[in-house]
Chemist: 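My questions all concern the structure below.
The chains referred to below are lettered A, B, ... by the order of the sequence lines, with proteins before strands, and numbering in each begins at 1. Treat the numbers as computed from the prediction; the structure is a model and nothing was measured.
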Number of protein chains: 2
Amino acid sequence: MPRLATTSDVFTAVAEPRRRDILVYLAPREQTVTAIVKALGAAQPSVSKHLKVLRDVGLVEARREGRQVLYRTNVDALRPLHDWAAVFERFWRHQLSRVKERAERAPSGKGGKP
Amino acid sequence: MPRLATTSDVFTAVAEPRRRDILVYLAPREQTVTAIVKALGAAQPSVSKHLKVLRDVGLVEARREGRQVLYRTNVDALRPLHDWAAVFERFWRHQLSRVKERAERAPSGKGGKP
DNA sequence: CAATCATATTCCCATTTCGGAATATGTCAA
DNA sequence: TTGACATATTCCGAAATGGGAATATGATTG
């Protein structure tokens, strides 16, 4: 079995960079498909397909207005993602000490990993 | 061009449920591959492959101890994910009013979406 | 060195994914 | 109704994914 269907999982849907861009673009206010196409510089069919995926997962909502369709990010659907990531917040402090320790061990910091 | 290489993007790496399970399992403390195999009930080669993906993206770190290899989640590498999701936090309040409004419009709340 | 435990890698395969091009559907205007 | 605009869908091909089975590498012990 290959990867989980992109249409059933928020994580997989968000794995695509273009879809992330779309979500960011549609978060402040609803936008036309054409607007998205122009903003992202992508092909229209491609955008429509991505929007379908996002809509199937519930990450965006659509509203028809005449000839145009206005899409808008459903930010609530992103909470599972945020919540999952937030679980690790608990361990950040714990591991921060390690990072700090390493940083202090190498004071001339510029030469990280070129 | 098909999907983005799972090995170059944290988002894609985390798209796989088993890999998420591994990350959660390895967050509190480092664990042996065998331990992961038992904990997840997955096949050993499968786990090793997932670990390789996670390590290539920097989501886990490995340490050899005799015959065994101890893996540990690098929680810092999860920050991009968290930060990206956190961008939408700003809009949650805004959209919460809509949800609230809808909830108040339907007082007999039990029948949500079973 | 041989045997064994622990982990990694390779090979094969069914399935999915995305982009591009072409085409279909839907909606408004004249 | 015809035509133009906006969006959606289908078909195609190249590339990638993850599981399973087999095998390879690494390290320890006798």
Chemist: Whether His50(A) contacts dG19(C) is assessed here as follows: a side-chain N or O lying under 4.0 Å from the phosphate OP1 or OP2. Is that the case?
Modeler: yes
Chemist: As a test of reading the structure: which of dG19(D), dA8(C), dT7(D) is closest to the side chain of Thr32(A), going by heavy atoms?
Modeler: dT7(D)
Chemist: Given dT9(C), dA6(D), dT7(C), which nucleotide is nearest the side-chain atoms of Lys52(B)?
Modeler: dT9(C)
Chemist: To the nearest angstrom, how far is Arg55(B) atom CZ from dT9(C) atom P?
Modeler: 7 Å
Chemist: For dT7(D), does either OP1 or OP2 sit under 4.0 Å from a side-chain N or O belonging to Ser48(A)?
Modeler: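 No.
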Chemist: Could you work out, with side chain to side chain contact (heavy atoms under 4.5 Å, CB included) as the rule, every residue matching Val87(A), not counting sequence neighbours?
Modeler: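 Per chain and number, Val87(A) pairs via side chain to side chain contact (heavy atoms under 4.5 Å, CB included) with no residue.
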Chemist: Which residue, Lys49(A) or Gln68(B), contacts DNA chain C at a nucleotide closer to its 5' end, judged by nearest heavy atom?
Modeler: Gln68(B)
Chemist: Would you check, one step at a time, whether the test side chain to side chain contact (heavy atoms under 4.5 Å, CB included) holds for Arg72(A) with Leu26(A)?
Modeler: CA-CA 5 Å; Arg72(A) 180 177 128 280; Leu26(A) 294 180; 5.5 Å; no
Chemist: For the residue pair Phe88(A) and Trp84(A), categorise the inter-ring angle as parallel (less than 30°), tilted (30 to 60°) or perpendicular (more than 60°).
Modeler: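 Phe88(A) vs Trp84(A) ring planes: perpendicular.
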Chemist: Side-chain N or O of Arg64(A) less than 4.0 angstrom from OP1 or OP2 on dA6(D)?
Modeler: no
Chemist: Got a sec? Which of residues 36-44 of chain B come in under 4.0 Å of DNA chain C, heavy atoms?
Modeler: Gln44(B)
Chemist: Among the nucleotides dG20(D), dT7(C), dA8(D), which one has an atom lying closest to any side-chain atom of Val69(B)?
Modeler: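 When the side chain of Val69(B) is considered, dT7(C) is the closest of dG20(D), dT7(C), dA8(D).
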Chemist: Does Ser48(B) have any side-chain hydrogen bond (donor to acceptor under 3.5 Å, both in side chains) partners at least two apart in sequence or in another chain, and if so, which?
Modeler: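 Per chain and number, Ser48(B) pairs via side-chain hydrogen bond (donor to acceptor under 3.5 Å, both in side chains) with Gln44(B).
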Chemist: From CD of Gln31(A) over to C1' of dT7(D), roughly how many Å is that when rounded to an integer?
Modeler: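 So the two atoms are 16 Å apart, to the nearest Å.
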Chemist: Does dA6(C) have its OP1 or OP2 closer than 4.0 Å to a side-chain nitrogen or oxygen of Thr34(B)?
Modeler: no
Chemist: Does Tyr71(A) make a side-chain N or O approach to OP1 or OP2 of dA8(D) shorter than 4.0 Å?
Modeler: yes
Chemist: Give the rounded distance in Å between these two atoms: CD of Glu30(A) and C1' of dA6(D).
Modeler: 16 Å
Chemist: Of the nucleotides dG19(D), dA21(C), dT7(D), which has the atom closest to the Glu16(B) side chain?
Modeler: dG19(D)
Chemist: Report each atom pair, protein N/O against N/O of nucleotides 1-4 of chain D, whose distance is under 3.5 angstrom.
Modeler:
none

Chemist: Among all residues two or more places apart in sequence or in another chain, which pass the salt bridge (charged side-chain N to carboxylate O under 4.0 Å, His left out) test with Arg63(B)?
Modeler: Glu30(B), Glu65(B)
Chemist: Give every residue pair that meets the ring pair (Phe, Tyr, Trp, His ring centres under 6.0 Å) criterion with at least one member in residues 23-81 of chain B, sequence neighbours excluded.
Modeler: none
